[in-house]
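Here is the structure we will look at.
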Number of protein chains: 2
Amino acid sequence: MNLSASATDQSRVFVVDDDASIRASLDSLLRSVGHKVETYGSALEFLQHQRQDDAACLVLDVRLPGISGLDFQAQLQALNIDLPIIFMTGHGDIPMTVRAMKAGAVDFLSKPFRDQDMLDAVAAAIERDRKRRREADAVADLRGLHAALTPREREVMVHVTAGLMNKQIAHLMGLSEITVKIHRGNMMRKMEAGSVADLVRMAEALGVEGPQA
Amino acid sequence: MNLSASATDQSRVFVVDDDASIRASLDSLLRSVGHKVETYGSALEFLQHQRQDDAACLVLDVRLPGISGLDFQAQLQALNIDLPIIFMTGHGDIPMTVRAMKAGAVDFLSKPFRDQDMLDAVAAAIERDRKRRREADAVADLRGLHAALTPREREVMVHVTAGLMNKQIAHLMGLSEITVKIHRGNMMRKMEAGSVADLVRMAEALGVEGPQA
DNA sequence: AACCAACCTATACTTCGGTTTAGGGCCGTG
DNA sequence: CACGGCCCTAAACCGAAGTATAGGTTGGTT
């Protein structure tokens, strides 16, 4: 389903800052350690460009033309764009920092910052994205399998992962036991689950379990 | 094993600040909304007192006599005291805030702060601790059951949660299948697992699984 | 009308899981 | 030394799971 090794092993850093000289210096700094870099002067500009399928992160000035970096962070979440963010600020305050960190920012750097601090933050952010990607890919594959189930198969899956016997499932669903066995067998095959133990883990990753005991 | 309903439903707030007037005003504020409050003038003083079995949190000035609040946070982690922390600061900076938040602080408030901000932060912190406690209690119970297993039973448990058949387990362990069945039956009874599905979830909570496929 | 996917059922059979009963051995504590 | 806990095995049995074969019904599509 997802045999492609996530396109590349590249790391891509998006820099959004209205100050061209900052953009240039960050571009050079980040390239020097092997990152691909794309720089933008505004949030809108960033949004209008395509994003590749790389592990990536976003380096953001909190003060952007038109929109605050914090609001932009919220907007990205609403758009379901889940990119680790590193904030930079010239004159940030503590409430701002707390809000950004609570909302999941990787780091919050005061300008001027040491190059190494930025590089460390970017490395941590990329690593976080890489991990999120791996997990998201795995879950996406599972969703594909799960989507191919018929309604009855899905229903049986829930009951199996709840630890019920075929007999009990049959009773709950108003079916004969043999029918449950058929659905169950088809479901296990479609989900590519080699055992109930496998299936339980898949169900947890998918969040398709009945309320826990 | 852990039938006691976690002692109380009380919420307890520990306030550590070297300024007595701050302690007094926080004490009054927090009591007014129903929290139990204990105040201390230093980190050491706090450590020397017993902690009850309540859902609790810690309100901490970053600047304490003898030790920085940040270092104290690290020290508590090292001591395995996992208490949600709310920092207060008179003249904090951004790196300090970032470090505290990265280390898991619930909030970081600049003095002077609005009463409501403190109350909100404390409520969030207590709720976080309550949740952590519930989970820790559940895992502690499981650990108790798991500790009562014999080495062989533990070994069988790992293989069962890996989805192996008795036959395969027997082969791996150099046993006859019947012996595996005995260990397995004893293990399921001791773990109070009604099904393999249950057992898998327990094993995940315990972290006693073989490396995932 | 023909088709197909999903659904349901039954018979028959195999394999797997699990328990009971009934042994055997090793080792450390009382 | 005797007892108990842990370990191993066997025969016999039962119930649960899983598969194959062989049907049947709907309901929507071509």
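By convention in this document, chain letters (A, B, ...) are assigned in the order of the sequence lines, proteins followed by strands, and residues within each chain are numbered from 1.
The shortest distance between side-chain heavy atoms of B:I86 and B:V122 falls below 4.5 Å. At a threshold of 4.5 Å between non-hydrogen side-chain atoms, the residues A:L58 and A:I81 do not count as touching.
Between B:R189 atom CZ and D:dC6 atom C1' there is a gap of 13 Å when expressed in whole angstrom units. B:M187 has its CE atom 11 Å from the P atom of C:dT19, to the nearest Å. Rounded to a whole Å, the CE atom of B:M165 is 17 Å from the P atom of C:dT14. In this structure, B:L175 places its CG atom 15 Å from C1' of C:dG25, rounding to the nearest Å.
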Would you list the atom pairs, donor with acceptor, under 3.5 Å between side chains in residues 67-75 of chain A and any protein atom, with sequence neighbours excluded?
from, atom 1, to, atom 2, distance (Å)
A:S68, OG, A:L70, N, 3.0
A:S68, OG, A:D71, N, 3.1
A:D71, OD1, A:R99, NH2, 3.1
A:Q73, NE2, A:A100, O, 3.4

Which atom pairs, one a donor and one an acceptor, fall under 3.5 Å between side chains of residues 165-173 of chain A and the rest of the protein, sequence neighbours left out?
from, atom 1, to, atom 2, distance (Å)
A:N166, OD1, A:R184, NH1, 2.7
A:Q168, OE1, A:M165, N, 2.8

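Taken to the nearest 0.5 Å, the OG atom of A:S11 stands 6.0 Å off from the CZ atom of A:R130. The line from CG of B:L149 to CE of B:M157 is 7.0 Å long, rounded to the nearest 0.5 Å. Taking CG of A:D107 as the start and OG1 of A:T97 as the end, the distance is 10.5 Å to the nearest 0.5 Å.
For the side chain to side chain donor-acceptor pair (under 3.5 Å) test, no residue two or more places apart in sequence or in another chain qualifies with B:S42. The side-chain contact (heavy atoms from CB on, under 4.5 Å) check on B:M202 picks up B:L142, B:M191, B:A193, with sequence neighbours excluded. Judged as a side-chain contact (heavy atoms from CB on, under 4.5 Å), and not counting sequence neighbours, A:A123 has no contacts. The side chain to side chain donor-acceptor pair (under 3.5 Å) search around B:R12 returns B:E38, B:D54, not counting sequence neighbours.
Taking a 4.0 Å limit (strictly below) on heavy-atom distances, residues 146-157 of chain A reaches DNA chain C at A:T150, A:P151, A:R152. Across residues 166-173 of chain A, A:N166, A:K167 each have a non-hydrogen atom less than 4.0 Å from an atom of DNA chain D (numbered order). In the region residues 176-185 of chain B, proximity to DNA chain D at under 4.0 angstrom, judged on heavy atoms, holds for B:S176, B:I178, B:T179, B:H183.
With respect to the salt-bridge test (charged N to carboxylate O, under 4.0 angstrom), the residues B:R63 and B:D18 do not qualify. A salt bridge links B:D129 with B:R133: at least one charged nitrogen is closer than 4.0 Å to a carboxylate oxygen. The pair A:E204-A:R201 does not count as a salt bridge, with every side-chain nitrogen at least 4.0 angstrom from each carboxylate oxygen.
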Which pairs, protein N/O on one side and nucleotides 27-30 of chain C N/O on the other, fall under 3.5 Å?
none

Any N/O pairs under 3.5 Å between the protein and nucleotides 24-30 of chain D? List them or say none.
none

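The ring-ring contact (aromatic ring centres under 6.0 Å, His included) analysis of residues 30-54 of chain B, with sequence neighbours excluded, yields the pairs B:F14-B:F46, B:Y40-B:F46, B:Y40-B:H49.
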